[in-house]
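Notes for the one structure printed next.
Within every chain, numbering begins at 1; the chains are lettered A, B, ... in the order of the sequence lines, protein sequences first and strands thereafter.
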Amino acid sequence: MNWKTALASAIGTSHAQLGVPCQDSCSAVVRSLPDGSSVLVAVVADGAGSAAAGGYGARIANETVQGVIETWLINHPTDVPDDLTTRRWLAQVREVLADQALVRKLGPYDLACTMLLAVMARRYSVYVQIGDGAIAAGTGGVLTTATWPQVGEYANETRFLTDDDAIEAAQISCSLDVAREVALFTDGLQYLALCYDIKAVHQPFFEPMLKVLRTSKPEDCSLLCEQLAHALSSARINSVTDDDKTIVLATSIDSGQDA
Amino acid sequence: MTENTPQQVPFGPGDFAENPEPRVACLLLLDRSGSMQGSPIAELNAGVDMFKSELLSDEIAQKRAEVAVISFGPVKTESDFQLASNFFPPQLEAGSDTPMGEAIKTGLQLVEGRKGLYKSRGIAYYRPWVFLITDGAPTDDWGEAARLVKEGEASHSFAFFAIGVGGANMEILKQISVREPLKLQGTKFREFFLWLSKSMKSVSRSTPGEGVKLEPPHGWAEV
């Protein structure tokens with residue numbers, strides 16, 4: 001499986017107006033296993049607006065979880081991660097957030113952020129979500145919801161990685177089902193990418209991008225990221241959401257090759 | 001061999017899903033008792049007109065903020081919750097007494113009903129706001145209303161604000177409202193509604209964890 005990825009974050013107009021930086025953070029890293037296969041680790045994190053340093057928390061959470069999983073893959077090259085393993089990863093990230101808060105003389109909830117994580121290997125897929133936004137995945141052509149936005153009664157209430165019960169409340173799915181395409185996105189895009197009445201993925205949102213990604217070469221991906229960032233800052237999107245927008249797209253389908 | 005043809009369309013999302021926008025419900029409980037006759041009620045009407053046009057002027061608030069109006073006395077539901085484009089401010093005329101207790105109870109039922117509708121239709125919503133504007137004291141039994149306000153605030157069901165105008169009995173308002181009631185300077189309704197529309201715009205944009213902070217009530221409230 002050779003993964004091709006396109007990812008971008010764009011600041012929301014409400015933050016831009018206030019001079020506040022984008023509070024989202026994202027990453028997509030493809031790691032090689034000793035057996036020659038690849039594992040995609042994709043992360044999206046969104047800093048809580050009310051937290052003093054939510055954006056910073058999102059960045060730390062992003063970098064930390066990548067490091068935690070890199071170490072796990074090195075130490076467990078042939079294992080399949082299960083629910084317990086995944087909760088341990090989250091616990092490690094929470095510890096780092098707590099340490100960083102202390103170091104910076106902040107409160108334990110000041111680095112609050114949501115987290116979406118997808119680990120896609122040849123033999124397993126792991127999806128983790130704390131908070132809103134969502135993860136969609138599929139085997140080629142159609143994406144289905146792997147996770148759904150976690151909200152409270154009110155639209156501006158969600159869960160954060162720093163919540164006391166975050167690990168218990170996390171949506172976690174570890175399975176031997178393998179998906180060949182995945183998309184992770186923050187809440188700035190959730191009303192555009194999901195159909196709320198039927199709780200499903202809105203395919204037309206993703207299809208044009210996946211179509212291009214499938215036929216792209218890996219070296220084209222950085223240009224795609226630039227174009228994606230531009231698209232996320234367009235008037236078309238900003239007229240319907242003023243929140244920060246982040247999306248990570250990945251495909252291991254390569255329809256650009258001749259038979 | 002497939003050539004690397006330049007894309008016709010820049011790389012980006014396709015069509016957007018059509019979901020109902022999340023809503024923020026704002027209920028206005030407006031005193032139109034006899035003492036509001038003349039300049040106070042004229043200014044109040046002008047203020048509500050301005051509230052509508054301010055909401056309409058904001059791209060996101062116009063899709064999310066819903067307004068309902070109940071006036072008293074007697075208690076009359078002037079209009080149920082509507083987006084600004086379908087909200088037609090009632091031109092209130094000064095009436096008779098001040099059945100504030102009944103107005104509050106009717107209003108809170110209207111709010112709960114709206115939330116029920118949102119839930120049944122899968123529409124996301126923010127915590128509703130209730131604004132009571134009065135220049136007098138209740139002429140009916142307000143004990144039950146005060147209890148409902150306290151319960152609702154404690155359970156985060158809504159946010160209730162009381163605004164006293166002119167000769168309003170602030171002591172009673174303090175017993176009805178959990179939050180400190182505010183006194184309007186003179187008849188500065190326009191300034192109040194401008195502030196309210198700004199606050200509505202903020203709420204309709206608020207993102208998770210933000211627990212909306214109201215702007216300080218400068219320019220219309222007596223300190």
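Counting heavy-atom pairs closer than 4.5 Å to chain B, the top-ranked of the candidates A:A231, A:A8, A:P204, A:C195 is A:P204. Taking B:K115, B:K119, B:E21, B:E18 one by one and counting their heavy-atom pairs under 4.5 Å with chain A, the maximum is reached by B:K115. The greatest number of non-hydrogen atom pairs below 4.5 Å with chain B, out of A:L189, A:L194, A:L249, is found for A:L194. Comparing A:L213, A:I237, A:D46 by heavy-atom pairs within less than 4.5 Å of chain B, the highest count is held by A:I237.
Note that CG of A:N238 and CD1 of B:I60 are 8.5 Å apart. Values are rounded to the nearest 0.5 Å. Taken from NZ in B:K201 to CG in A:D242, the straight-line distance is 12.5 Å, to the nearest 0.5 Å. Here the straight-line distance linking atom CD of A:Q190 with atom CG of B:N19 works out to 9.5 Å at 0.5 Å rounding.
A side-chain donor-acceptor contact under 3.5 Å links A:Y154 to the backbone of B:H156.
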Where do B:F11 and A:E226 land on the side chain to side chain contact (heavy atoms under 4.5 Å, CB included) test, with the steps shown first?
CA-CA 9 Å; B:F11 188 72; A:E226 271 176 44; over 6 Å; no
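Counting heavy atoms from C-beta outward, A:V240 and B:K63 have side chains that approach closer than 4.5 Å. Side-chain contact check for B:E59 versus A:S239: some heavy-atom pair is nearer than 4.5 Å.
Salt bridge A:E153/B:R127: absent, no basic N to carboxylate O contact under 4.0 Å.
Contacts of B:P13 with chain A are made by both backbone and side-chain atoms, with heavy-atom separations under 4.5 Å. If you measure heavy-atom distances from A:S234 to chain B, you find no contacts under 4.5 Å at all. Only the side chain of A:A6 comes within less than 4.5 Å of a heavy atom in chain B; its backbone stays farther off.
The neighbour count for A:N2 CG, taken as heavy atoms of other residues, nucleotides or ligands under 6.0 Å away, does not exceed 12.
The cationic group of A:R236 lies under 6.0 Å from the six-membered ring centre of B:F16 and within 45° of the ring axis, placing it in a cation-pi geometry.
A:A155 and B:P22 get closest at one heavy-atom pair: CB-CB, 4.1 Å.
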